[in-house]
Amino acid sequence: MAGKVVDKALSLLRTFPRVSLGNLKDMPGSKPHKVNRRRSVKKGNTHGRGIKGQGARGTLPRIGFEGNNTPFYLMIPKEPYYENHHLRKEYVPVSLLQLQRMIELNRVDSSEPLDLTSICNTGLIRVLPMQKQYGIHLTEEGADIFNAQINIEVQWVSELVIAAIERNGGTITTRFFDTPSLQAVVAPKNFFMKGIPIPKCKIPPTDVFKYYTDAKNRGYLANPREISNARLELAQKYGYELPNIKDDEKFEMLSARKDPRQIFYGLAPGWIVNLQDETVLKPKGKEHVEYYES
Amino acid sequence: MAASIVRCCIAPNSSKLVKRLVLSSRNVKQIRNCSSAQASTDETEDISEENFLADRTLEDELMRIRDVSRLGPRLKKRLGKELPDIDKDFKLSKNYSRRLYGKMGSASGVNPQILWPNMEELKNKIEFDKRFEPTFEGNMKKIKKWESNRARKLETKLERVDKAMAKMPSLIKQFHQKRETLEKEDAAEKAKLARLNREAEEFYGPMKKTDHRRKTFISTRMREERKAEKEARAEAKAGKKKSKKEKKEAEEKSGDGKISEEKVSEQKLTEVKVIEEKVMS
């Protein structure tokens, strides 16, 4: 990429205007700096301080004084410095109670795998990727009354929430989306209207990488065998019998997972969905296929 | 692309054609399909305004009267889902074409190949990813390094704490000792002052605490005492020195029997010198 800079500079030079009298500048020091301007010319009289009063006599009150009001700088206490606030990731909280309510009111279809797209499409939850929000955080409220069997994919969970879902024979995965992918995930219609290929999701950055490779958090990059062990361990810890999902009717739905690169179920990165023609366009070129599959 | 054809159509400086384009509230599809060959044939026709109005159907006229939306031509087109005019440069850009395709599909006339990055862009993308995107293994390595660093730091800290804690009992002992000695010194000072006060009152009779006589008495006495102490210390030192000297002398006396070789050689040298002087004289 270093060569690009040189190219850019050269192209810039080519587009620069020619040297002419219009854009020449004097040599530094060629014109003497004028000093000793006559006082009467501009500010000779009162030197900008008015004729009378506090200003003229130099008896103005101290800076910030509001005439016996409690001044602003004392009224509003100072907020302490929040280190690395511009790097922190925010996850929109969604409680298990809210999720239960959505399922019971048919705002989401629990017979299919739930993910961020289906939750955002309810219109009840809003995720703003441009404001450093990175998805949803499934919180513990309503863990004791949660009774749906679901396959859900969220961005952040606690141990209790995992236990509440797995006790009912469901499965949960934590999944990271980078910002461009997240923009597509939270508003698919708007994304498809842009007419650009579905992005391939990047791997999580280093600060959250450990979270998504950990089987205890049911991370999408964790070893599946470790995850099944962790499911058993959690069941023993919380004292419930783990339902065998392999014998379940819904096994196919419960075991559905996306590829780490994939952001929509059934759509691969690199494809283009056109809503007007109701078609899906797939790249055919060898390089493109390689790029989107790697 | 269709866009370039449209541009060609408007560009020729034939006033009649432009007049026609402006007069009719244009059907875009007609313009887009209009080729340069058609344009040349149009030029030969003699088009008057009456002629043109006669072309309009009754239905068109009715639609014109019924439409009370007051929308401008651009918004009217948008409402009818027709293709927008290409009147600005940015409408020829790749991004706009992509959006147009997303909105209108194949009816937009955009070549779907431009929806994907071209070969050069793809190459740049791949190179960028290679340079700046973290890899799975790289991330793992980084995390391991962080963790080992954190563990090492904790270990060194614990070691330091253990070392310091081993010193703790002796330090506590020292602290108590120091406090005791300080207390003792303090008590001695107080007792001394009380004694001097008593003595001052014995000397001058009862007086105020702030009396200057008391103060001068105490200060002079203190000075005297300090002087006496100093002298006593000096005497003790001198006594020590004296005893040391005596010891040394006693040692020397005991070792006098043997005259050292150096002394013998010195004596010999002086004898030689004396003889020489005699000879010279």
Side-chain angles (χ1 to χ4, degrees), chain A residues 1-4 7-8 176 178 180 184 188-214 219-223 260-261 269-294, chain B residues 1 3 78 80-84 90-151:
Chain A
M1 301 247 162
K4 288 236 149 189
D7 286 352
K8 228 177 191 178
F176 175 82
D178 57 350
K189 194 191 160 197
N190 288 357
F191 176 75
F192 294 145
M193 295 282 270
K194 281 181 189 170
I196 51 173
I198 297 169
K200 63 170 183 178
C201 191
K202 284 165 188 164
I203 59 164
T206 322
D207 56 341
V208 288
F209 191 76
K210 208 184 162 193
Y211 185 90
Y212 292 108
T213 47
D214 197 351
Y220 74 118
L221 296 173
N223 189 348
R261 293 286 188 203
W271 292 5
I272 292 170
V273 177
N274 194 275
L275 298 174
Q276 183 69 21
D277 296 352
E278 296 181 356
T279 52
V280 176
L281 309 179
K282 301 172 186 175
K284 245 183 170 182
K286 191 185 149 201
E287 287 85 357
H288 284 78
V289 170
E290 241 172 53
Y291 172 72
Y292 285 113
E293 281 181 357
S294 68
Chain B
M1 263 172 69
R78 207 162 139 186
K81 298 198 171 170
E82 291 171 30
L83 283 177
F90 78 87
K91 292 195 175 178
L92 293 168
S93 69
K94 237 182 189 181
N95 249 346
Y96 183 81
S97 305
R98 279 174 185 153
R99 276 177 190 275
L100 201 67
Y101 187 85
K103 208 170 157 188
M104 305 260 173
S106 50
S108 64
V110 173
N111 180 6
Q113 274 187 339
I114 65 145
L115 305 181
W116 283 277
N118 61 24
M119 291 308 283
E120 200 187 338
E121 284 164 353
L122 194 74
K123 222 177 175 182
N124 278 344
K125 256 188 177 180
I126 291 167
E127 205 180 331
F128 184 90
D129 284 0
K130 225 186 227 174
R131 284 206 180 193
F132 301 112
E133 289 304 325
T135 57
F136 197 97
E137 290 79 22
N139 263 341
M140 283 297 226
K141 225 184 240 175
K142 228 181 197 177
I143 286 166
K144 255 184 199 171
K145 202 179 168 188
W146 285 355
E147 276 175 358
S148 69
N149 272 353
R150 212 174 295 144

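Lettering follows sequence order; numbering is per chain, from 1.
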Original post:
Under a 4.5 Å heavy-atom cutoff, which of A:P197, A:G270, A:G195, A:G285 has the most pairs with chain B?
Top reply: A:G195
Original post:
Heavy atoms, side chains only, cut-off 4.5 Å: are B:N124 and A:K4 in contact?
Top reply: yes
Subject >> B:N95 portion near chain A, given a 4.5 angstrom heavy-atom threshold >> reply: neither
**OP:** Kindly indicate whether the side chain of B:R99, heavy atoms from C-beta on, has any atom under 4.5 Å from the side chain of A:M193.
**Re:** no
Original post:
Quick check: are there more than 12 heavy atoms from other residues, nucleotides or ligands sitting under 6.0 Å from CD of B:E133?
Top reply: yes
**OP:** Report the C-alpha distance between B:R98 and A:K194 in whole Å, list the side-chain angles of each, state the deciding distance to 0.1 Å, and finish with yes or no for side-chain contact (heavy atoms from CB on, under 4.5 Å).
**Re:** CA-CA 6 Å; B:R98 279 174 185 153; A:K194 281 181 189 170; over 6 Å; no
Subject >> Heavy-atom closest contact (A:K210 atom, B:I143 atom, distance) >> reply: N-CD1, 3.9 Å
Original post:
What part of A:F192 gets closer than 4.5 Å to chain B, counting heavy atoms only: side chain, backbone, both or neither?
Top reply: backbone
Original post:
Which region of B:L115, side chain (C-beta onward) or backbone (N, CA, C, O), has a non-hydrogen atom less than 4.5 Å from a non-hydrogen atom of chain A, or is it both or neither?
Top reply: both
**OP:** Using a cut-off of 6.0 Å, state whether more than 12 heavy atoms not belonging to B:K94 lie near its atom NZ.
**Re:** yes
Subject >> Distance in Å, B:M140 CE paired with A:T213 OG1, rounded so as to fall on 0.5 Å steps >> reply: 5.0 Å
Subject >> Side-chain donor/acceptor of A:D277 to backbone N/O of B:G105, under 3.5 Å >> reply: no
Original post:
Roughly how far, to the nearest 0.5 Å, is the CE atom of B:M104 from the CG atom of A:N274?
Top reply: 11.5 Å
Original post:
Within a strict 4.5 Å, meaning less than it, do heavy atoms of the B:W116 and A:I196 side chains meet?
Top reply: no
**OP:** Give a yes or no on whether the backbone of B:P117 and the side-chain of A:H288 come within a donor-acceptor separation of less than 3.5 Å.
**Re:** yes
Subject >> ring pair (Phe, Tyr, Trp, His ring centres under 6.0 Å) involving A:F209 - partner list, sequence neighbours excluded >> reply: B:F136
Subject >> chain B contact via A:L281 - side chain, backbone, both or neither, heavy atoms under 4.5 Å >> reply: both
Subject >> salt bridge (Lys or Arg N to Asp or Glu O under 4.0 Å) contacts in which one or both residues fall within residues 284-294 of chain A, not counting sequence neighbours >> reply: none
**OP:** Check whether A:S294 gets within reach of chain B through its side chain, its backbone, both or neither, counting any heavy atom under 4.5 Å.
**Re:** neither
Original post:
Does B:K103 NZ have over 12 foreign heavy atoms under 6.0 Å away?
Top reply: no
**OP:** With a 4.5 angstrom heavy-atom cut-off, could you sort out which part of A:Y292 is near chain B: side chain, backbone, both or neither?
**Re:** side chain
Subject >> Structural part of B:K142 lying under 4.5 Å from a heavy atom of chain A >> reply: side chain
Subject >> Under 4.5 Å from any heavy atom of chain A - which part of B:E147 >> reply: side chain
